Amino acid sequence: MNESASNYLNALNIQQKEAILHSEGPLLILAGAGSGKTKVLTTRVAQLIKDKKCFGNQILCVTFTNKAANEMRERVLKLTNNKSNSIPWLGTFHSISNKILRKHAEAVGLKPSFTILDTLDQLKLIKNILAAENIDIKKNPPKLIAYLIDHWKNKALLPANVKINSSDYSKINALKIYKIYQERLRLMNCVDFGDLILHCVTIFKNFKEIQESFKKNFKYILVDEYQDTNYVQNLWLNLITNDSKNICVVGDDDQSIYSWRGAEVKNILEFEKNFTNTKIVKLEQNYRSTKNIINTASSLISNNDDRLGKKIWSDLKDGDKVRVNSFSDGRDEATGISDIIEKELIKYFSLNDIAILVRAAFQTREFEERFIKIGLPYRVIGGMKFYERAEIKDALCYLRLIQQKNDDLAFERIINNPKRSIGDSTLKKLHDLSRTRNKNLFETADEILNEDELKPKTKESLKQFIKLVKTWTKLSEQLDHVQLLERVLDESGYTQMLINEKSPEAEARLENLKELRASMKNYSNLVEFLENISLQTSIDEEWEGEKINLMTIHAAKGLEFNCVFLPGWEEGLFPHQKSIEEKGDQAVQEERRLAYVALTRAKQRLFISFANNRKYYGNNNSNDWMPSMPSRFIDELDKQYLEINETAKDNDQDFEFSQDFNFMEEKKSPGWKRYLQEKEKIKTINYTNNLTNFKIGQGVEHETFGKGKVIHIDGNKLLINFKDSGEKKVIDKYLKQFDHE
DNA sequence: TAACAACGCTTTTTT
DNA sequence: AGCGTTGTTA
């Protein structure tokens, strides 16, 4: 062992060392939140290479997200001083499967240049099939069918293997669609996310020599976030694991939050039954959070059953108590949190150290509005995916069609975009003809230019389009992919269409297309670009700059922040109503694990909050407030680690968070009465707030911005011209009168 | 065919 | 409030 290797081993605790040095045979690492599991995994990989147990390309290392994979790659390379291509098989299940499938596409009847469809393409395809089969779209919602297909794939079930035991019509229809769907995918040379993995499994099962070559190559296997693997992923792993059984999985049953995607905690619970002589290592020391945070999180998760029973502990200081705040409504919550950030945190922490983690994506909106208003920079992580934007998809579909004429979905998307007077009726005709002639849409369109199927005007328009695509196809052999895109956007009239629009949105779209061009330069040719773009979540999430982080709890998995805000801890939102309706107590337990993940993201400061009223669906009528109750999870937190602030409820000293949950039925319950009282009070507050006492031209003073003058009034929001900090919008309650000379 | 109004549904979480 | 689907009109 060389010097630097022993150095980095010294920085580890006993269990961590144990996990790293136990290189042979099955190993299960139960790693609590913040227990240094990434460190263990990266060090383990580095150690295998340094000890010459194998080459970097003989290690299969599977992570859950691209972000995690990139981070691991960086850290391993740092430890081994190696080149970036030295661990080629480090990636997500999907990206590794993609790589395998490109090599062996023919084994499942595909060409290596297959396209990966995203969720929207999938849905569109299902809709098309439903239309062609004359199946009622209302009785058979495409989304439900997509969901069922996904579930079957997660269970490794091809159409022929699906068993439906009841006379469940929606499932019978869905299965029928599934069959056609798979045929269509093959004809278009496309796969969906689920196929990436399932096709690999099929190949491993049907082609022993291919399976053997991988089994032989992968001397060591490592799997991160094992608690979130589903049946087909686990099967995939088993098929690729060789007789030496050098498989090391890392997971935390308390952090299993993807059962809705087919994840089976069973995999981690039964790992030792599957592999005899499994070595189990528990990492229980938390290096991330203060004692108060860890103890709060532990008290919550202890309410779950069926745990493997880790006891995580922290050696760090107690730290501040976890704060629980109550607000009158969602907007108030956003205001309150931004106040805490400005008044308490900004002095000690970078904005990058601050995160707001929400249960559902729509919750970020109120915070965005607030931050825009007061001028605090923020970033939303994992929001709109770059390649999902309409203009990007349009551009990609042009390229997809150029590269692969049988991509009907691409054809359909761009045929009338920009408008070419080729509308629904023409498209319907094309679809029908293509089905009877057994040709793809492009071929069919090309063919009927010589026939009398279409009106002359439509025919001419279609002719122009076909001609353009053919020209681009020829050009694609001479030009590089970036130049090709430029030609396409130009000659198709797409750019001109956006320029003509003259709206800010159109300008943003043009900007996005520029960004697309820039990102294409990272790939050497069109095929390579198209092969990889679909698996890219977004074009390198910009982490640069000083910004507050906004994201869902799911997206925050694996991350940590000094200061964490957890808003919206209300019954119905968290735990979410839908999840409870679907799966009852099992779902509540998963929601609780999600809450546990949320709590354990925090290193130093943790703020939980709930609002007494929340508006859903962006309803602006003041009477459409949904009354909300504090989440049961707040009740489950051990109070000795909390500091509770009932800012919106100062009249009720012995207020308890646990209110009567079924208040709808029992309207005379104390909880209901209290709610009515609160509602009255909130109305009063809002009323007085809207009538501000300040007048335009008046001198005012603000705690942080100093002195200034009122220049505009909008309800209780005032635009102030501050002497030192310029124009800012503030709410009147933060202003004092200041009579200037 | 395209442009526009009306309507109803939505929001759980994602590779 | 925002989107997609449906209906109406030029």
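Every chain is numbered from 1 and lettered A, B, ... according to where its sequence line falls, protein lines coming before strand lines. All of these numbers come straight from a predicted model, not from anything done at the bench.
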Check your understanding: Can N304(A) and Y596(A) be counted as having a side-chain donor-acceptor contact under 3.5 angstrom?
Key -> no

Practice item. Find the distance K578(A):NZ to dC9(B):C1' and express it as a whole number of Å. Key: 10 Å

Check your understanding: By centroid distance (under 5.5 Å) and plane angle (under 30°), are F93(A) and dT15(B) in a stacked arrangement?
Key -> no

Practice item. To the nearest Å, give me how far apart CD (E366(A)) and C1' (dT11(B)) are. Key: 14 Å

Exercise for review: State whether a side-chain donor-acceptor pair under 3.5 Å links Q496(A) with N500(A).
Suggested key: yes

Review point. Atom NE2 of H576(A) to atom C1' of dT13(B): distance rounded to whole Å?
Key: 9 Å

Point to revise | Closest-nucleotide ordering on DNA chain B, the 5'-leading residue of T426(A) and E590(A) | key: T426(A)

Review point. Under 30°, 30 to 60°, or over 60°: which ring-plane class applies to F214(A) and F218(A), parallel, tilted or perpendicular?
Key: parallel

**Study point:** Those residues that, when tested against F529(A), pass ring pair (Phe, Tyr, Trp, His ring centres under 6.0 Å) (two or more places apart)
**Key:** Y523(A)

Practice item. Scan S579(A) against the nucleic acid and name what it touches under 4.0 Å (heavy atoms): base, sugar-phosphate only, or nothing. Key: base

Review point. Could you give the CD1-to-C1' distance, from I580(A) to dT11(B), as a whole number of Å?
Key: 15 Å

Check your understanding: Between dA3(B), dT11(B), dT13(B), which nucleotide has the shortest distance from any of its atoms to the side chain of F362(A)?
Key -> dT11(B)

Anything under 3.5 Å between a protein N or O and an N or O of nucleotides 2-10 of chain C, put it in a table, one pair a line.
{"unit_1": "dT5(C)", "atom_1": "OP1", "unit_2": "K127(A)", "atom_2": "NZ", "d": "2.8"}

Check your understanding: Rounded to whole angstrom units, what separation is found between the NE2 atom of H94(A) and the C1' atom of dT14(B)?
Key -> 9 Å

Study note, to complete from the structure: dist I247(A):CD1 -> T241(A):OG1 (nearest 0.5 Å) comes out at 4.0 Å

Check your understanding: Please give, in whole Å, the distance from dA3(B) C1' to N416(A) CG?
Key -> 13 Å

Practice item. Provide, to the nearest angstrom, the distance between the CD atom belonging to E225(A) and the C1' atom belonging to dT15(B). Key: 13 Å

Review point. Counting just side-chain N and O atoms, does T119(A) come under 4.0 Å of either OP1 or OP2 of dT14(B)?
Key: no

Practice item. Name the residue closer to the 5' end of DNA chain B, choosing between S421(A) and K143(A) according to the nucleotide with the nearest heavy atom. Key: S421(A)

Point to revise | Side chains of Q589(A) and E591(A), donor plus acceptor under 3.5 Å | key: no

Point to revise | Which nucleotide in dA3(B), dT14(B), dT15(B) has an atom nearest any side-chain atom of K419(A) | key: dA3(B)

Point to revise | Rounded distance in Å - CH2 (W260(A)) to C1' (dT15(B)) | key: 9 Å

Check your understanding: Which part of the nucleic acid does F64(A) contact within heavy-atom distance under 4.0 Å: base, sugar-phosphate only, or nothing?
Key -> sugar-phosphate

Practice item. Check the side chains of Q233(A) and N267(A) for a donor-acceptor pair under 3.5 angstrom, ignoring hydrogens and angles. Key: no

